[in-house]
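Have a look at the structure below before the remarks.
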Amino acid sequence: MTTTNPYTPFLSEIKAVIKHTDIEYTFRMTFSGDAKPGQFFEVSLPKFGEAPISISGIGENTVDLTIRRVGKVTAEIFENYVGDSLFLRGPYGNGFSIDNYIDKEIILIAGGTGLSPVKGITDYFSAHPKKTKGFTLIAGFKSPNDVLFKADFEKWKKNLNVILTVDTPIDGYCGKSGMVTEYIPSIPVKNIDDAIGIVVGPPMMMKCTIDELLKKGFKEANIWISQERKMCCGIGKCGHCKIDDTYICLDGPVFNYTKGKFLKD
Amino acid sequence: MGYQINKTKMNTLFTDLLENYTIYAPKRFVGGGTFADTDCIRYGEISTLEEIEFSEKSDYSFKEVLLPISETLFYFTEAVMKESDPPLKEAIVFLRSCDLHSLNRLDTIYLKNGPVDPYYKRLRDHTHFILMGCENTFENCFCVSMGTNQSTNYDAYIKVTAEEVLIDSHWNLLDQALANAQPFTVVPDSVSINNISVEIPESIPQSVFDSTLWDDYTARCIACGRCTFVCPTCTCFTMQDLFYSDNGKAGERRRVWASCQVDGYTDVAGGHAFRENKGQRMRFKVMHKISDYKKRFDNQMCTGCGRCDDICPEYISFSNCINKVNALVKEENR
Amino acid sequence: MLDLNTKKIKKNAYRITKVRGETASRIRIPGGLLTADLLPKIQEIAETYGNGRIHLTTRQGFEIPGIRYEDMDAVNTLLQPIIDQLEINQVIPGKGYTASGTRNVSACIGSNTCPFANYNTTDFAKKMEKEIFPNDLHFKVAFTGCANDCIKTRMHDFGIIGMTEPQYDKDRCVNCQACVKACKQKSVDALSVENYKIVRDAAKCVGCGECVINCPTRAWTRSTKKYYRLVIMGRTGKRNPRLAEDYLVWTDEAAIIKIVKNTYKFVKEYIDTTAPGGKEHIGYIIDRVGFKEFEKWALDGVEFDEKTIVKGPVYWSGPHYD
């Protein structure tokens with residue numbers, strides 16, 4: 001082909017596998033290009049298919065891909081990743097621009113695997129606590145067994161305000177429970193006009209969380225969201241991720257709420 | 001250059017062209033329709049003038065020539081990932097003005113929206129387009145409203161009269177082949193009036209999204225996707241990976257037409273779907289055709305071919321829906 | 001004073017009614033389809049010689065009651081243009097129908113109108129009528145477009161059910177599974193998905209055509225050749241009413257016509273001439289002489305399509321009241 005083929009994946013080595021739950025692993029993959037939190041790769045398994053996976057961490061020549069075993073492709077990854085490499089194509093999408101959040105008060109609210117695309121942001125401010133005027137992470141999971149990035153939470157707790165909550169506690173669990181929205185009102189914010197809200201998670205959780213932030217006085221322009229949609233190509237062709245005049249894969253998945261609020265499926 | 005030649009000469013020309021080109025045209029598939037003893041008119045390979053269906057609108061558009069319904073992207077063997085080969089021959093496609101305008105919509109998505117799609121490009125770059133005129137409008141056409149009733153960007157225009165074939169060529173290859181033919185002034189037939197006209201609002205307020213207008217379609221639509229499969233401007237696909245059942249070590253990755261009207265289109269891994277409601281799928285499609293696309297690319301997506309209305313088994317009319325939206329917007333703006 | 005040969009009257013398609021002096025004329029409409037211009041002619045008979053009423057028969061004919069026996073010749077004269085236009089075989093022109101044993105060949109509305117029909121039932125019914133009428137033997141034949149069997153062919157001596165052999169073009173298939181759903185919900189669940197493409201269980205498929213009707217991309221189309229299921233020896237009646245059973249599946253027009261015509265020979269050979277009115281129903285004759293003997297006669301000179309499945313020997317059920 002004369003044109004470069006954007007559908008051709010490249011081989012990436014699995015450097016490490018971090019098991020969070022039985023069905024959620026992080027794969028640390030070799031990658032040397034530019035990558036931002038919130039961007040995604042198409043993990044490409046010949047004969048099984050492709051799945052869009054958010055970048056959950058960025059290291060020296062590596063990216064982390066946290067994969068939840070929910071479909072045919074991810075099941076195959078879990079069962080046969082011993083092959084020590086995966087095909088990838090990407091990164092795709094705009095990702096979060098950390099510059100927008102520097103020197104601000106930040107409340108980051110994530111539901112379930114929605115934590116993956118914003119984990120890079122949390123990592124950054126945990127590593128550079130002086131670059132924020134206050135960083136709160138509210139992370140909600142279904143149950144204690146679904147909690148992702150347990151080791152990272154321990155690290156983040158040291159210099160960030162971290163609220164980890166579960167919808168349904170189980171015996172022996174002594175952490176917080178309840179919806180993420182319940183914790184928003186009590187987070188102290190000094191300058192609400194300039195405070196940043198970042199929200200990623202399932203559709204209903206995002207809607208309720210944004211309502212709560214707006215109620216608290218957050219400006220729409222200071223709220224950022226990331227949208228998950230079906231994607232087959234990642235490059236503006238297959239049409240599945242289109243909402244209004246927006247292609248999530250090209251223009252998103254990260255949107256300022258002033259734009260995001262108009263996205264109607 | 002315009003020419004007049006006889007049919008025999010035209011067929012000889014076809015025979016010569018077939019050496020290097022595959023010729024696609026709307027063709028009657030006798031008995032190939034939905035019901036017993038009905039025909040289907042759709043694109044197929046032809047080798048003579050007589051095989052081309054000039055008198056009726058094709059049920060399906062030309063798009064399957066450039067976007068095959070099922071197109072293999074890669075072949076996989078144990079260690080090797082191989083791109084599928086392009087066709088050996090170039091292509092010639094016979095199409096009407098509305099469809100030639102639709103080509104622009106395909107180009108926009110596959111060549112401009114994001115990176116160039118190499119599978120589309122390799123077919124597109126090697127395809128020549130021959131315009132078929134429309135002496136009269138067909139039943140559900142509204143090309144005049146959409147401004148797609150005339151075209152000039154064809155490689156050739158061909159009209160068959162009772163005895164002769166009239167050609168207007170913009171293509172050197174044809175000009176050379178017709179060097180000895182009788183020069184003739186040929187102006188493509190085009191319609192200036194349809195039975196149907198639509199008026200598209202300049203901008204559509206958000207309130208239309210939440211209108212009860214769409215509820216009617218929730219009850220009526222059966223989500224079969226025919227409207228999108230026949231549409232010359234719908235371009236969605238889904239990826240399919242598989243291993244051959246008789247050899248699990250080899251397989252392929254292909255893309256296959258998808259439809260926003262069919263169940264599963266928005267399903268994400270884990271089970272969530274974003275538009276379960278058929279009325280909302282209709283809203284999504286209509287807004288794409290008459291608003292969203294224009295916001296992004298500055299021209300209307302719909303080219304008014306009316307095939308969606310021709311084929312809907314539930315008699316849902318897209319053109320009527322546009323006019324309903326227009327009435328609603330006018331009402332709101334009053 | 002009336003002095004009538006009731007047997008001749010009955011063969012002329014008139015009924016001996018319960019009203020002394022009055023008969024009823026039965027008009028055959030093969031395939032159940034006629035042009036509207038025939039209706040005034042039927043009206044004229046009913047109003048001139050009948051009591052002004054018309055009964056719609058269960059076999060898609062018209063029956064005009066209240067006709068005086070003396071007027072039969074006059075009625076026959078008025079019947080002639082109807083007989084001519086419907087191209088009914090006639091032994092003596094101008095004398096009405098010349099047999100009544102073989103009943104009107106009926107048909108569902110078929111592919112002229114119905115989206116489910118797999119063939120033109122009217123055309124085939126007319127063709128059959130041409131082959132078997134007039135005949136005094138009591139035969140009931142019906143044609144239906146699809147396995148829905150709206151004409152109830154399974155209550156006939158010969159029932160012909162339309163089938164199509166679905167043709168699958170995998171390159172046109174988008175895996176929308178509309179065919180799979182239709183087959184599962186409306187038919188026999190003969191389709192499954194393998195590698196995103198459809199696999200048809202040919203042994204299970206009844207050839208109803210639902211996959212073809214529901215396919216949005218023409219991946220499924222109909223076979224050029226038309227196929228039929230031939231069901232035989234269904235009946236109503238006093239002794240042992242029963243549904244017709246499958247005899248041939250994936251058979252063709254020529255075989256069906258030949259088998260029906262052969263059956264006339266079989267009946268002629270074996271009918272109990274001492275039966276009341278000389279009438280013995282085919283099904284009972286087969287019960288009496290055995291299926292094997294029937295099949296020997298029925299298949300004489302019949303050539304099967306390569307796809308045809310013969311489901312003999314056939315066994316019937318239904319209640320026995322005798």
Side-chain angles (χ1 to χ4, degrees), chain A residues 1-11 23 42 44-53 67-76 87 92 112-113 202-204 227-251 261-265, chain B residues 73-77 81 83 86 109-110 112-122 125 206 209-210 234-244 248-253 255 258-260 264-275 280 283-284 287-288 291-297:
Chain A
M1 265 183 204
T2 47
T3 320
T4 356
N5 187 346
Y7 296 100
T8 307
F10 58 86
L11 204 58
I23 60 161
E42 286 281 354
S44 182
L45 260 72
K47 294 172 274 178
F48 291 90
E50 299 185 306
I53 305 289
I67 300 179
R68 183 150 205 254
R69 181 181 179 153
V70 281
K72 193 173 103 173
V73 179
T74 48
E76 177 60 20
F87 280 106
Y92 295 128
T113 47
M204 271 313 286
Q227 295 280 22
E228 183 204 10
R229 289 297 179 277
K230 182 180 174 98
M231 292 174 191
C232 286
C233 70
I235 54 174
K237 305 287 176 274
C238 77
H240 290 273
C241 74
K242 180 195 155 295
I243 308 176
D244 302 350
D245 60 336
T246 301
Y247 287 78
I248 301 292
C249 67
L250 297 178
D251 312 330
K261 71 173 176 178
F262 291 113
L263 294 177
K264 189 166 161 62
D265 282 293
Chain B
L73 305 186
F74 297 101
Y75 291 100
F76 304 123
T77 53
M81 184 181 297
E83 269 173 20
I109 296 298
Y110 281 89
K112 294 178 191 138
N113 195 45
V116 167
D117 186 289
Y119 297 94
Y120 178 80
K121 188 174 162 51
R122 70 185 190 183
D125 286 350
Q206 193 75 11
F209 282 67
D210 305 317
C234 273
T235 56
C236 290
F237 65 80
T238 297
M239 293 282 208
Q240 293 179 351
D241 270 50
L242 57 105
F243 37 90
Y244 303 130
K249 286 176 180 163
E252 65 178 75
R253 173 168 300 159
R255 63 179 174 197
S259 166
C260 57
Y265 181 80
T266 61
D267 290 5
V268 290
H272 189 80
F274 289 88
R275 278 181 302 280
Q280 293 305 309
R283 187 262 304 151
F284 179 83
M287 288 301 167
H288 192 193
S291 173
D292 302 342
Y293 183 94
K294 188 169 186 237
K295 276 196 233 166
R296 193 174 178 91
F297 304 115

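The figures that follow rest on heavy atoms only: side chains count, while hydrogens, waters and symmetry mates do not. As the structure is a computational prediction, the values presented were derived from the model and not from experiment. Just so it is clear: chains get the letters A, B, ... in the order the sequence lines come, proteins before strands, and each one is counted from 1.
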Donor-acceptor side-chain pairing of B:R296 and A:Y247 below 3.5 angstrom: no

If every non-hydrogen atom of B:Y119 is compared with every non-hydrogen atom of A:Y7, which pair is closest and at what distance? CE1-CD1, 3.6 Å

For the backbone of A:D245 and the side chain of B:H288, can you confirm whether one donor and one acceptor N or O come within less than 3.5 Å of each other? no

A:D265 versus B:R275, closest heavy-atom pair with distance: C-NH1, 3.2 Å

To the nearest 0.5 Å, how far apart are OG in A:S44 and CZ in B:R253? 3.0 Å

Please identify, among B:S291, B:P86, B:A273, B:P115, the residue contributing the most non-hydrogen atom pairs under 4.5 Å to chain A. B:P115

Sort B:Y293 into side chain, backbone, both or neither according to what part of it lies under 4.5 angstrom from a heavy atom of chain A. neither

Got A:K264 and B:R283 here, is their nearest side-chain heavy-atom distance under 4.5 Å? yes

Closest heavy-atom pair, A:L250 versus B:G114, reported as atoms and distance to 0.1 Å, is CD1-N, 3.8 Å

For the pair B:D241 (side chain) and A:K47 (backbone), establish whether a donor and an acceptor sit closer than 3.5 Å, ignoring hydrogens and angles. yes

Looking only at B:F243, B:F274, B:F297, the option with the highest number of non-hydrogen pairs under 4.5 Å against chain A is B:F274

Atom CG of A:D244 and atom NZ of B:K295: how far apart are they, to the nearest 0.5 Å? 5.5 Å

Okay, side chain of A:K230, backbone of B:Y265: is any donor-acceptor separation there less than 3.5 Å? no

Whatever's closer than 4.5 Å to a heavy atom in chain B on A:I235 counts as both

Check whether any side-chain heavy atom of B:M81 lies under 4.5 Å from a side-chain heavy atom of A:P46, and answer yes or no. yes

Is A:K242 positioned over the aromatic face of B:F284, cation under 6.0 angstrom from the ring centre and no more than 45 degrees off axis? yes

Which region of B:N113, side chain (C-beta onward) or backbone (N, CA, C, O), has a non-hydrogen atom less than 4.5 Å from a non-hydrogen atom of chain A, or is it both or neither? both

Is B:M239 in contact with chain A via its backbone, its side chain, both, or neither, using a 4.5 Å heavy-atom distance? both

Measure distances from A:P203 to the heavy atoms of chain B and classify the residue's part below 4.5 Å as side chain, backbone, both or neither. side chain

For A:T113, the side chain to side chain contact (heavy atoms under 4.5 Å, CB included) test, sequence neighbours excluded, returns A:E24, A:R68, A:L148

Option in A:P52, A:G71, A:G236 with maximal non-hydrogen atom pairs under 4.5 Å from chain B: A:G236

Residue part contacting chain B, namely of A:F262, when any heavy atom lies under 4.5 Å: both

Quick one: of A:E228, A:H240, A:K72, who has the most non-hydrogen atom pairs under 4.5 Å with chain B? A:H240

Return the option, out of A:C233, A:P9, A:C232, A:P202, with the maximum number of heavy-atom pairs under 4.5 Å with chain B. A:C232

How far apart are the closest heavy atoms of A:G239 and B:C236, and which atoms are they? CA-SG, 3.6 Å

Side-chain donor or acceptor of A:K237 paired with backbone N/O of B:T235 under 3.5 Å: no

